[in-house]
Participant: 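Right, I'll just put the structure down here and ask away after.
Residue indices begin at 1 and follow the sequence shown.
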Amino acid sequence: QVQVVESGGGLVQPGGSLRLSCVASGTAYGIGKMSWHREAPGKQRELVASIGETDPAIYADSVQGRFRISRDNAKNTINLQMDRLNSEDTAVYYCNVVVHYGEWDARDYWGQGTQVTVSS
C-alpha cells in the first residue's frame with residue numbers, strides 16, 4: 001500500500017547541480033524519519049542524508065556543505081538539493097521512509113531509486 005517514488009536524477013557535468021525528490025503515498029499514519037541513500041557500482045549502499053520531523057538533518061562527510069535535505073510533511077515529500085557535484089557522487093539514489101502505525105509500531109519503505117551520473 002505504501003509507495004515511495006524518487007525522481008530528479010539524470011546526467012550532469014562536474015560542478016553542476018541536481019534536485020532529487022521523494023514522495024510517499026498510501027501512508028495512513030505519520031511519517032517519521034526520511035532519508036536518502038546511494039549505491040555506487042561495486043560499493044555498499046550508504047547513508048547520504050537524513051532528517052526527522054523536527055530533528056536536524058544529518059549528512060555524510062562526503063556531501064557536507066554540498067547537499068541539503070528538506071521535507072514537506074504535508075505532502076509527505078523530501079528533497080535533496082545537490083550542488084557542486086563530482087564524479088564520486090555518481091550512484092543510484094534511494095529514498096527511505098519510516099512510517100509510524102502507532103506509538104509502538106513502525107516500518108520503513110524503499111523507493112526504486114533514481115540514477116545520478118556526474119561525468120564530463
Participant: Can you confirm whether M82 sits close enough to Y93 that some side-chain heavy atom of one is under 4.5 Å from a side-chain heavy atom of the other?
Facilitator: yes
Participant: For Q81, is the CD atom crowded, meaning more than 12 foreign heavy atoms sit under 6.0 Å from it?
Facilitator: yes
Participant: Would you mind reporting whether L18 and F67 have side-chain heavy atoms less than 4.5 Å apart?
Facilitator: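 No, too far: nothing below the 4.5 Å cut-off.
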Participant: Any pair with a residue in residues 53-64 that passes side chain to side chain donor-acceptor pair (under 3.5 Å), sequence neighbours left out, goes on the list, sorted by first then second residue, please.
Facilitator: R38-S62
Participant: Measuring only between side-chain heavy atoms, which start at C-beta, is H37 closer than 4.5 Å to N96?
Facilitator: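 Sidechains of N96 and H37: in contact.
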Participant: For R66, which residues count as a salt bridge (charged side-chain N to carboxylate O under 4.0 Å, His left out) partner, sequence neighbours excluded?
Facilitator: D89
Participant: Would you please name every residue forming a side chain to side chain contact (heavy atoms under 4.5 Å, CB included) with I58, sequence neighbours left out?
Facilitator: S50
Participant: Answer yes or no: does atom CZ of R71 have more than 12 heavy-atom neighbours from other residues, nucleotides or ligands under 6.0 Å?
Facilitator: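 Counting other residues, nucleotides and ligands, CZ of R71 exceeds 12 neighbours.
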Participant: Write down the atom of H100, the atom of A106, and the distance for their closest heavy-atom approach.
Facilitator: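 That closest heavy-atom pairing would be CD2-CB, 3.7 Å.
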Participant: Which ring pair (Phe, Tyr, Trp, His ring centres under 6.0 Å) pairs, counting each pair once, include a residue from residues 2-27, with sequence neighbours left out?
Facilitator: none
Participant: What distance do N79 atom CG and L20 atom CG have between them, rounded to the nearest 0.5 Å?
Facilitator: 8.5 Å
Participant: Are the side chain of S119 and the backbone of T117 linked by a donor-acceptor contact shorter than 3.5 Å?
Facilitator: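 Side chain of S119 to backbone of T117, a donor-acceptor pair under 3.5 Å: no, none is there.
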Participant: Test of understanding: with side chain to side chain contact (heavy atoms under 4.5 Å, CB included), list the residues that count as partners of S7, not counting sequence neighbours.
Facilitator: S21
Participant: With sequence neighbours left out, what residues match T90 under side chain to side chain donor-acceptor pair (under 3.5 Å)?
Facilitator: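 Scan of T90 (side chain to side chain donor-acceptor pair (under 3.5 Å), adjacent residues dropped) gives none.
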Participant: What residues, two or more places apart in sequence or in another chain, satisfy salt bridge (charged side-chain N to carboxylate O under 4.0 Å, His left out) together with R19?
Facilitator: none
Participant: List in chain and number order the residues that pass side chain to side chain donor-acceptor pair (under 3.5 Å) with R45, two or more places apart in sequence or in another chain; answer none if no residue qualifies.
Facilitator: E39
Participant: Indicate yes or no: at least one non-hydrogen side-chain atom of Y109 is less than 4.5 angstrom from one of Q3.
Facilitator: no
Participant: Could you tell me whether the side chain of S120 reaches within less than 4.5 Å of the side chain of Q13, counting heavy atoms only?
Facilitator: no
Participant: Are the side chains of I78 and V23 in touch, meaning some heavy atoms are under 4.5 Å apart?
Facilitator: no
Participant: State which residues pass side chain to side chain donor-acceptor pair (under 3.5 Å) with S17; sequence neighbours excluded, sorted by chain then number.
Facilitator: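 In terms of side chain to side chain donor-acceptor pair (under 3.5 Å), with neighbours along the sequence ignored, S17 is linked to D83.
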Participant: Among pairs that include at least one residue of residues 64-105, which meet disulfide (SG to SG under 2.5 Å), considering only residues two or more places apart or in two chains?
Facilitator: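 As it turns out, the disulfide (SG to SG under 2.5 Å) pairs with a partner in residues 64-105, which skip direct neighbours, are C22-C95.
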Participant: Through direct or indirect side-chain contacts below 4.5 angstrom among Ile, Leu, Val, Met, Phe, Trp and Tyr, which residues connect to W110?
Facilitator: V92, Y94
Participant: Indicate yes or no: at least one non-hydrogen side-chain atom of V48 is less than 4.5 angstrom from one of L80.
Facilitator: yes
Participant: Test of understanding: with side chain to side chain contact (heavy atoms under 4.5 Å, CB included), list the residues that count as partners of E88, not counting sequence neighbours.
Facilitator: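 In terms of side chain to side chain contact (heavy atoms under 4.5 Å, CB included), with neighbours along the sequence ignored, E88 is linked to K43, N86.
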Participant: Could you pull out the closest heavy-atom pair between L47 and W36, with the gap in Å?
Facilitator: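 Closest pair (atom of L47, atom of W36, distance): CD1-O, 3.6 Å.
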Participant: Does some side-chain heavy atom of Q112 sit less than 4.5 Å from a side-chain heavy atom of V5?
Facilitator: yes
Participant: If you look at every heavy atom in G9 and T114, which pair is closest and at what distance?
Facilitator: N-OG1, 3.1 Å
